[in-house]
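What's counted below: heavy atoms across the whole structure, side chains too, no hydrogens, waters or symmetry copies. As the structure is a prediction and not an experimental result, all values here were calculated from the model.
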Amino acid sequence: MKKARIKTPLGIAEIEGDENGITKISVENDTEDISIETPSELKEASLQLQEYFEGKRKEFNFKMNPKGTEFQQKVWQALLEIPYGKTTSYLELSKKLGDVKAIRAVASANGKNPLWIVVPCHRVIGSDGSLTGYAGGLWRKKWLLEHENPSPQQALF
């Protein structure tokens, strides 16, 4: 498994993968040890993440290979269908997956998402519109949602 660490506005992103695709992207508070050279298998993911943070990319299309149970894979696939700049609730996601009673299992699978930002678990909020649980910290979730849907500046005059 190859690894690369890149600097983002939210901390250091660590990308892991091989010729079969990217298996994990995570974020750390650490600001040291950025990769000097990115392995060829990780270059496209690294480039697309940088484009996302620059506001030039809304979708990711590099080869992905996240590891998880069949149910987790199903939830992560549903997360990929949440449009850029939009949000959904855990309840709505559970309904979409066909079992409103699975809300806790859906939330658990959401929290185990191995592909930070790319599989947009940050777009899932509470039914009341609140920012609920986020493995990377709620401040990062808030930042990501604002990045994807910035409030228009109001005119001063």
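Leu10 and Leu138 fall within the same hydrophobic cluster, defined by Ile, Leu, Val, Met, Phe, Trp and Tyr side-chain heavy atoms under 4.5 Å apart, directly or through other members. Leu49 and Ile12 are assigned to two separate hydrophobic clusters, defined by single-linkage of ILVMFWY side chains at heavy-atom distances under 4.5 Å. Using a 4.5 Å cut-off between side-chain heavy atoms of Ile, Leu, Val, Met, Phe, Trp and Tyr, with links allowed through other members, Leu97 and Val100 fall into the same hydrophobic cluster. Ile34 and Ile25 fall into different hydrophobic clusters, defined by Ile, Leu, Val, Met, Phe, Trp and Tyr side-chain heavy atoms under 4.5 Å apart, directly or through other members.
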task = Would you sort out whether Val119 and Phe60 count as a side chain to side chain contact (heavy atoms under 4.5 Å, CB included), showing the intermediate values?
result = CA-CA 9 Å; Val119 175; Phe60 298 92; over 6 Å; no
message = Please determine whether side chain to side chain contact (heavy atoms under 4.5 Å, CB included) holds for the pair Glu16 and Ile22, giving the CA-CA distance in whole Å, both sets of side-chain angles, and the decisive distance to 0.1 Å.
response = CA-CA 6 Å; Glu16 295 180 37; Ile22 302 302; over 6 Å; no
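Shortest non-hydrogen contact noted between Thr38 and Ala4 is CG2-CB, 3.9 Å. Between Ser46 and Ile6, the shortest heavy-atom contact is OG-CG2, 3.4 Å. Closest approach of Glu92 to Thr88, counting heavy atoms only: CB-OG1, 3.3 Å. Between Lys67 and Gln73 the shortest heavy-atom distance is C-NE2, 4.0 Å. Residue Arg140 comes nearest to Gly136 through the heavy atom pair NH1-O, 2.6 Å, listed as atom of the first residue, atom of the second, then distance. Listed here is the closest heavy atom pair of Val106 and Ser94: CG2-OG, 3.6 Å.
Contact annotation: the side chain of Phe62 never approaches that of Leu42 to less than 4.5 Å [non-hydrogen atoms, C-beta and beyond]. Residues Leu145 and Leu131 meet the side-chain proximity criterion, which asks for heavy atoms closer than 4.5 Å. Using a 4.5 Å cut-off on side-chain heavy atoms (C-beta onward), Ile15 and Lys3 make no contact.
Using a 4.0 Å cut-off between charged nitrogen and carboxylate oxygen, Lys96 and Glu81 count as a salt-bridge pair. Here Lys24 does not pair with Glu14 in a salt bridge; the nearest charged N to carboxylate O distance is not below 4.0 Å. In summary, Lys56 and Glu51 do not engage in a salt bridge, as defined by a charged side-chain N under 4.0 Å from a carboxylate O. Taking 4.0 Å as the cut-off between side-chain N and carboxylate O, Lys142 and Glu146 count as a salt-bridged pair.
The aromatic rings of Trp143 and His147 sit parallel to each other, their planes meeting at less than 30°, with 60° as the upper class boundary.
Under the 3.5 Å distance criterion, with hydrogens and angles disregarded, a donor-acceptor pair is assigned to the side chains of Glu44 and Gln48.
Rounded to the nearest 0.5 angstrom, Ile103 CD1 and Ser89 OG are separated by 6.5 Å. Once rounded to the nearest 0.5 Å, the distance linking CG of Leu79 with CG of Leu93 reads 5.5 Å. With values rounded to the nearest 0.5 angstrom, Glu41 atom CD is found 4.0 Å from Lys2 atom NZ. Here Lys112 contributes atom NZ and Cys121 contributes atom SG; the two are 12.5 Å apart, rounded to the nearest 0.5 Å. Ile125 contributes atom CD1, which lies 3.5 Å from atom OG1 of Thr87 (distance to the nearest 0.5 angstrom).
Within the structure, the ring-ring contact (aromatic ring centres under 6.0 Å, His included) test picks out no pair touching residues 75-99 (sequence neighbours left out). Within the structure, side-chain hydrogen bond (donor to acceptor under 3.5 Å, both in side chains) contacts touching residues 114-135 (residues at least two apart or in different chains) are Trp116-Tyr134, His122-Glu148, Arg123-Glu148, Asp128-Ser130.
Partners of Trp139 under the ring-ring contact (aromatic ring centres under 6.0 Å, His included) rule, at least two apart in sequence or in another chain, do not exist in this structure.
Around the CD atom of Glu59, the shell of radius 6.0 Å holds no more than 12 heavy atoms that belong to other residues, nucleotides or ligands.
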